[in-house]
Number of protein chains: 2
Amino acid sequence: MTAPRRAVLRALARAQRPLSVEELHERAKAQHARLGLVTVYRTLQVLEELGLVRRIHEQGACRSFAASSPGHSHAITCERCDKSSEFNGDDVCLLTGAIERKTGYRVSGHWLQLVGVCPSCRKSGAER
Amino acid sequence: MTAPRRAVLRALARAQRPLSVEELHERAKAQHARLGLVTVYRTLQVLEELGLVRRIHEQGACRSFAASSPGHSHAITCERCDKSSEFNGDDVCLLTGAIERKTGYRVSGHWLQLVGVCPSCRKSGAER
DNA sequence: GTCGTAATTGAAACTAGTTTTCAACTACGT
DNA sequence: ACGTAGTTGAAAACTAGTTTCAATTACGAC
């Protein structure tokens, strides 16, 4: 555990929304000025393997990352402010039985990404 | 609707698994020899907007595409042979209520990608 | 505290993937 | 057959991500 890695972790932990590698680099440099972009990539790779970070899949590319709690969970991202939260994913597991029956596949894994409007944007913005 | 586009569509329609842009280019060239890679990119973009093609999101990058039927559905990909199928996604919509209560977000969209073992691989391979 | 080793770092070079540019070409309605 | 708007492919430009390598750093053994 080195200073550069701590800087990346800290920037990720503080973020309220998924960050691209570039953004993360910018922010983490506040903690550790001579941090290299390469180290951000490498640190993310390690953290992803450890399950501490999740990649956020979006429409086109999938280049953003967010901190993730251990255990089975999914992310929901606000379409207005990009803020990202997690929720427990056990409900989804209940669906696998139905899906196995429908498709004939044996389901071994899944992931789900949700988009919505977060509570504070619901208050401030016009309700649809 | 031009010959190059037809070639791309045809290669996609025939594929039993998601294809990368390169693979698609290779296969579509069988129909239209001097097809440019750029055209494949452009055609995919158009088809994606029309909802005829879906991007398959995988562990690391998300670079494969598969034909998709219109309407709300999700993809499931076989982890052994990569074959990809679709299924109706109405079940998942039932979850949004529970998720809205849990997170406070208003859910406006989602997508789900599943991984599993397809029927024919289940037969041939050793059952776990 | 000092030493040694193995892992980590950052810069630069490199590769892969994707987009833009632009002149030539093609589909399609007139 | 003609005109026009949209499409095409090659090359160049660009972006994201990876590899290489010498210098640096963490950390356990002494």
Side-chain angles (χ1 to χ4, degrees), chain A residues 1-13 15 17-68 77 82 84 113, chain B residues 1-13 15 17-68 77 82 84 113:
Chain A
M1 177 50 71
T2 62
R5 287 186 178 177
R6 265 191 298 273
V8 174
L9 256 176
R10 198 162 178 183
L12 258 175
R17 63 178 182 82
L19 297 179
S20 71
V21 178
E22 283 291 353
E23 287 172 321
L24 202 44
H25 183 210
E26 278 311 314
R27 295 189 183 198
K29 275 204 285 193
Q31 302 292 318
H32 185 80
R34 51 199 199 69
L35 176 69
L37 182 58
V38 194
T39 300
V40 180
Y41 277 107
R42 284 190 281 227
T43 304
L44 283 173
Q45 196 176 316
V46 172
L47 294 176
E48 198 175 5
E49 278 162 17
L50 294 173
L52 297 173
V53 152
R54 80 167 62 249
R55 187 184 287 263
I56 300 294
H57 293 254
E58 294 164 291
Q59 271 290 330
C62 306
R63 288 180 187 131
S64 299
F65 292 83
S68 106
T77 304
D82 270 345
S84 190
Q113 169 77 52
Chain B
M1 178 51 70
T2 61
R5 289 186 176 176
R6 265 191 298 273
V8 173
L9 256 175
R10 198 161 177 182
L12 257 175
R17 63 178 181 82
L19 297 179
S20 70
V21 178
E22 282 294 350
E23 287 172 321
L24 203 44
H25 183 212
E26 279 311 314
R27 295 189 183 196
K29 275 203 287 193
Q31 302 292 319
H32 185 79
R34 52 197 199 71
L35 175 70
L37 180 58
V38 194
T39 299
V40 179
Y41 277 106
R42 284 191 281 228
T43 304
L44 283 174
Q45 196 176 314
V46 173
L47 294 176
E48 199 175 5
E49 277 161 18
L50 294 174
L52 298 173
V53 152
R54 81 165 63 248
R55 185 185 288 264
I56 300 294
H57 293 254
E58 295 164 291
Q59 268 293 329
C62 307
R63 290 186 184 122
S64 298
F65 293 83
S68 106
T77 304
D82 270 343
S84 190
Q113 169 74 54

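Keep in mind the model is a prediction, meaning the values are calculated, not measured. Every heavy atom of this structure was used, including side-chain atoms; hydrogens, water molecules and symmetry mates were not. Residue numbers begin at 1 in each chain, while the letters A, B, ... track the order of the sequences.
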Exercise for review: State, to the nearest 10°, the angle formed by the axis through the first five base pairs of the helix from C/dG1-D/dC30 to C/dT30-D/dA1 and the axis through its last five.
Suggested key: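 Angle reported: 40°, given to the nearest ten degrees.
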To the nearest 0.5 Å, tell me how far [X] [atom1] sits from [Y] [atom2].
X	Y	atom1	atom2	answer
A/Arg5	A/Leu35	CZ	CG	11.5 Å
A/Leu24	A/Leu12	CG	CG	4.5 Å
B/Gln113	B/Arg54	CD	CZ	7.5 Å

Minimum heavy-atom distance between [X] and [Y], given as atom pair plus value:
X	Y	answer
A/Arg27	A/Ala11	CB-CB, 4.0 Å
B/Met1	B/Leu9	CE-CD1, 4.1 Å
A/Pro18	A/Ser64	CB-CB, 3.6 Å
B/Arg17	B/Asp82	CB-O, 2.9 Å

Exercise for review: Can you tell me which residue pairs pass the side chain to side chain donor-acceptor pair (under 3.5 Å) test with a partner in residues 28-47 of chain A, sequence neighbours excluded?
Suggested key: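 Listed by first then second residue: A/Arg10-A/Gln31.
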Study note, to complete from the structure: A/Gln45 CD to C/dA7 P, in whole Å, measures 16 Å
Point to revise | Base versus backbone protein contacts along nucleotides 3-16 of chain D [heavy-atom cut-off under 4.0 Å; B, S, -] | key: ----SBBBB----S
